[in-house]
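For reference, the structure is listed below as structure tokens.
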Amino acid sequence: MNNNIELKEINNFATDIRIVPPSYKMKHLHMHNVYELIFIIDGACTVYINENFYKLEAGSLIIIPCHTAHRTTYLSGSTHNRIIFYFEE
């Protein structure tokens, strides 16, 4: 459940830019040793953080704190574009 991310980019910052296929669902909660900022460019998803869930649509932004259990489910219909930024305090 623990996905440690090594930030090897400049100033302890890394990105993950992807087009996510329709109906992608993370099977398990996981956590990171860094903050995770998710920005939805196109499409929609649901982010589960601890026992709460948040629906994100195009233009939405969410920050997930370090060592916080979470998972993401993208809603069916089409592909989704998103950017994730990982960073330390």
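In what follows, every heavy atom counts, from backbone to side chain, and hydrogens, waters and symmetry copies are set aside.
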Output yes when a side-chain donor or acceptor of S60 lies under 3.5 Å from a complementary backbone atom of A58, and no otherwise.
no
T73 and M26: CA distance, side-chain angles, deciding distance, side chain to side chain contact (heavy atoms under 4.5 Å, CB included) verdict:
CA-CA 6 Å; T73 299; M26 288 184 179; 5.9 Å; no
H30 and H32: side-chain donor and acceptor closer than 3.5 Å?
yes
Take atom CZ of F53 as the centre, draw a 6.0 Å sphere, and report whether it contains more than 12 heavy atoms from other residues, nucleotides or ligands.
no
Euclidean distance, H70 NE2 relative to N52 CG, rounded to 0.5 Å
14.0 Å
If we ignore hydrogens and angles and just use 3.5 Å, is the side chain of R82 paired with the main-chain N or O of D16 as donor and acceptor?
yes
Atom CD of E57 and atom OG1 of T46: how far apart are they, to the nearest 0.5 Å?
9.5 Å
Is I19 close to H80 at the side-chain level, that is, under 4.5 Å between some pair of heavy atoms?
no
Side chain to side chain contact (heavy atoms under 4.5 Å, CB included) between T72 and V20, worked out:
CA-CA 11 Å; T72 305; V20 181; over 6 Å; no
Under 4.5 Å between side-chain heavy atoms, hopping through other hydrophobics if needed: is there a path connecting F39 to I63?
yes
Gap separating the CD1 atom of I84 from the CD1 atom of I62, nearest 0.5 angstrom:
11.5 Å
Return the CG to CD distance between L29 and E51, rounded to the nearest 0.5 Å.
9.5 Å
What distance separates F85 CZ from I38 CD1, expressed to the nearest 0.5 Å?
11.5 Å
To the nearest 0.5 Å, tell me how far T68 OG1 sits from I49 CD1.
7.5 Å
